[in-house]
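One structure is given below, encoded as structure tokens.
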There are 2 protein chains.
Amino acid sequence: MAKRVTLAEVAARAGVSPITVSRALRRPDTVQPETRSRIDAAVADLGYVPDPAARALATGRSDVIGVLIPSATNAVFTDVLSGIYDRLGESRFDVQYGITRYDPSTEENLLGVFLRQRPAGLIVAGIDQTPAARRLLDRAGCPLVQVMETGPDPVDMMVGFSHHDAAAAATRHLIARGYRRPGFLGARMDPRTQRRFAGFRAEAEAAGLYDADRAETTDQPSSVGRGAALLRALLTRRPDTDAVFCNNDDLAMGALFEAMRMGVPVPGALGICGFNDLEMMRAAEPPITSVRTNRFEMGARAAEMIRARLDARDPGPALVDLGAEVQARRSTDGPARHPSAGQ
Amino acid sequence: MAKRVTLAEVAARAGVSPITVSRALRRPDTVQPETRSRIDAAVADLGYVPDPAARALATGRSDVIGVLIPSATNAVFTDVLSGIYDRLGESRFDVQYGITRYDPSTEENLLGVFLRQRPAGLIVAGIDQTPAARRLLDRAGCPLVQVMETGPDPVDMMVGFSHHDAAAAATRHLIARGYRRPGFLGARMDPRTQRRFAGFRAEAEAAGLYDADRAETTDQPSSVGRGAALLRALLTRRPDTDAVFCNNDDLAMGALFEAMRMGVPVPGALGICGFNDLEMMRAAEPPITSVRTNRFEMGARAAEMIRARLDARDPGPALVDLGAEVQARRSTDGPARHPSAGQ
DNA sequence: TTGTATGCGTTATCAA
DNA sequence: TTGATAACGCATACAA
């Protein structure tokens with residue numbers, strides 16, 4: 001266990017006082033060039049690295065940037081993490097993650113864990129914090145970005161898109177392609193999912209095509225297998241359903257496989273649309289239509305906004321809407337002219 | 001910004017000295033029950049929470065458990081994270097992640113970042129650290145677990161499995177099912193992947209069925225699309241290949257889709273085996289054979305071993321081999337008796 | 001069982 | 001431009 005090199009030792013070697021070394025490191029322009037070079041040499045010789053705990057104690061601030069997401073296994077969030085990491089990996093900041101498991105009280109706890117470290121910044125997924133969590137955030141005293149979603153009443157900054165509108169766009173796409181009996185497949189049914197469902201419903205109702213009986217949902221986590229099960233349940237109950245908008249891509253992939261198993265031609269007898277546009281959607285056979293959400297970019301922008309604020313630069317607009325675009329692919333090419341030909 | 005409540009204030013309210021409060025919190029059995037209850041009340045009244053920085057400075061130890069993984073988007077690692085989180089989420093420890101991007105020098109840097117925080121424990125993926133990183137690890141001065149893989153010469157503790165042997169088992173399975181011209185699909189080709197390839201090769205050679213020309217690999221990251229491309233390249237070059245062992249499940253999924261596109265029946269004309277057994281393999285059509293690796297369990301065990309050591313409990317064996325099992329599914333049911341029937 | 005003195009490595013404040 | 005002093009909040013070592 002190597003003994004730690006301290007500021008005092010560097011100072012002794014450079015023939016200055018500790019505080020001067022401290023200054024030379026943090027604001028080089030405030031010390032004479034020649035003393036600075038002596039100090040730099042001493043730092044290099046001794047291999048000095050600052051102690052983050054001591055710094056945090058003295059300043060009342062850490063270099064931790066806390067990130068709160070619901071799941072570490074859902075590709076949706078890991079892509080956001082990649083974006084964050086891309087902009088923060090090389091910086092002086094340490095990124096620390098917390099996983100809420102979609103559980104509001106876990107989120108409150110983790111917020112507490114982060115806050116007591118006096119983080120330099122905070123990135124939290126979503127806009128559905130509990131009132132208690134909201135109060136904590138309001139008093140966080142550091143730059144804060146809510147990601148994944150846009151909405152009213154941001155705590156501080158926000159970067160995301162409207163899940164409602166994105167789902168509505170996907171539904172419009174299905175209808176435009178000629179599907180007339182669209183259904184909805186949903187798992188987990190957390191608030192974001194609910195808003196997507198609302199977008200689907202609003203659009204279908206506007207077209208006079210909404211049928212509550214074609215919504216097949218579960219509170220269970222989503223998975224490919226779950227998508228298969230949901231589709232089978234839906235088609236068993238309502239065999240004439242001619243398209244499904246899926247809550248996410250896992251469900252869509254499962255729906256595709258189940259359609260294969262059931263001998264239901266896609267897209268001729270059933271159109272399938274996913275959400276998030278994971279890489280596999282493009283590679284599937286048939287390729288699956290999905291809604292592209294700019295997840296990496298969301299993380300990257302959030303990280304940049306925080307850095308800008310910490311460096312006292314202009315972070316730009318406090319609310320950034322990155323939008324979402326329907327990526328039309330073969331799985332929603334439209335119903336076959338002669339439905340029976342599909343068999 | 002709420003002013004921080006300190007130990008001293010709690011002490012004043014409880015009518016004891018700060019150190020007694022400190023003790024009451026950390027080792028309740030060392031203080032009189034009645035003073036303890038007074039202290040507990042004061043803590044609750046004031047909403048006291050310890051300052052991690054101050055504690056770290058005083059003890060020369062933080063409560064951070066550092067986790068180093070190559071990628072945050074690869075499901076293989078996120079499952080390990082889930083396991084770690086499962087055992088550490090409720091504890092007093094803060095998990096902090098670092099992403100190496102499969103880059104050894106990034107790994108060294110991150111190790112430095114962690115080490116200067118004097119972490120309580122460290123979990124690192126793999127056994128392929130650079131000599132410099134290895135030296136850092138040797139001097140980490142905290143419990144350390146290498147996960148994902150077993151191998152000789154552990155730094156401290158280790159929990160994983162033999163990628164070579166797991167790949168060999170998968171290859172044996174293909175051969176046992178009757179495939180005689182097996183190929184290999186590989187992406188990224190990092191050291192772990194190389195060892196899987198070596199396992200495939202060793203087993204194929206042992207059966208006299210190895211053909212170097214049936215290995216289709218790329219240094220690019222793996223993806224479903226990449227799997228499709230690799231299969232097409234392989235079948236174009238060597239159309240008589242009758243099975244593929246894929247480096248991972250993404251590639252296997254892509255291979256399945258590409259086989260569909262090419263009109264190659266699976267498993268009759270082509271057997272497909274993946275690696276990791278992600279959930280989607282079971283849900284595919286046909287369901288895809290894969291090698292189950294116990295990723296969640298690896299993370300969970302690693303976390304437990306570290307906690308045991310920190311609590312001065314017996315962590316059990318320093319080297320844990322969790323094995324890996326072939327999950328046989330329809331995609332490797334064996335070649336069709338009459339190959340032409342497959343068309 | 002509880003308390004006193006002291007130190008952890010850094011930075012803020014004020015003075016020189 | 002540089003330095004002396006005093007925190008920051010907690011825990012260790014030792015004493016009572």
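In what follows, chains carry the letters A, B, and so on, assigned in the order in which the sequence lines appear, proteins first and then strands, with residues in each chain numbered from 1. Model, not experiment: these values are computed from the prediction.
- At whole-Å resolution of the value, CZ in A:Arg116 and P in D:dG9 are 15 Å apart.
- Among the atoms of the strands shown, base atoms are found under 4.0 Å from some heavy atom of B:Arg23.
- In this structure, CD1 of B:Ile39 is placed 13 Å from P of C:dT1, rounded to the nearest angstrom.
- Mapped onto DNA chain D by nearest heavy atom, A:Gln32 and B:Tyr48 fall at different nucleotides, with A:Gln32 at the one closer to the 5' end.
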Donor-acceptor contacts, no H, no angles, side chain residues 11-20 of chain A, under 3.5 Å, sequence neighbours left out:
residue, atom, partner, partner atom, Å
A:Arg13, NH1, A:Asp45, OD2, 2.5
A:Ser17, OG, A:Thr20, OG1, 3.2

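- The residue among B:Ser17 and B:Leu57 whose nearest nucleotide of DNA chain C is located toward the 5' end is B:Ser17.
- Distance, A:Arg118 CZ to C:dT11 P: 16 Å, rounded to whole Å.
- Side-chain nitrogen and oxygen atoms of A:Ser22 include at least one within less than 4.0 Å of the OP1 or OP2 phosphate oxygen of C:dT11.
- For D:dT12, the OP1/OP2 oxygens have a side-chain nitrogen or oxygen of B:Arg26 closer than 4.0 Å.
- One atom, CD1 of B:Ile19, and another, P of D:dA16, lie 17 Å apart when rounded to the nearest Å.
- When only modelled atom types and interatomic distance are considered, A:Ser82 and A:Asp79 share no side-chain donor-acceptor pair under 3.5 Å.
- Phosphate contact (OP1/OP2 of D:dC8, side-chain N/O of A:Thr59, threshold under 4.0 Å): absent.
- No side-chain donor from either of B:Asn74 and B:Ser71 sits under 3.5 Å from a side-chain acceptor of the other.
- Spacing between atom CG of A:Asp51 and atom P of C:dT11 amounts to 10 Å, rounded to whole angstrom units.
- A:Gln117 has its CD atom 15 Å from the C1' atom of D:dG9, to the nearest Å.
- Atoms CG (B:Leu25) and P (C:dT2) sit 14 Å apart, rounded to a whole Å.
- Distance CG (A:Asp29) to P (D:dT1): 9 Å, rounded to an integer number of Å.
- Nucleic acid contact class of A:Leu7 (heavy atoms, under 4.0 Å, all strands): base.
- In this model, a donor atom of one side chain and an acceptor atom of the other lie less than 3.5 Å apart for B:Thr293 and B:Arg295.
- Mapped onto DNA chain C by nearest heavy atom, B:Ala58 and B:Thr20 fall at different nucleotides, with B:Thr20 at the one closer to the 5' end.
- Checking A:Thr130 against A:Glu108 by side-chain atom types alone, a donor-acceptor pair falls below 3.5 Å.
- Counting non-hydrogen atoms under 4.0 angstrom, B:Pro18 reaches nothing in the nucleic acid.
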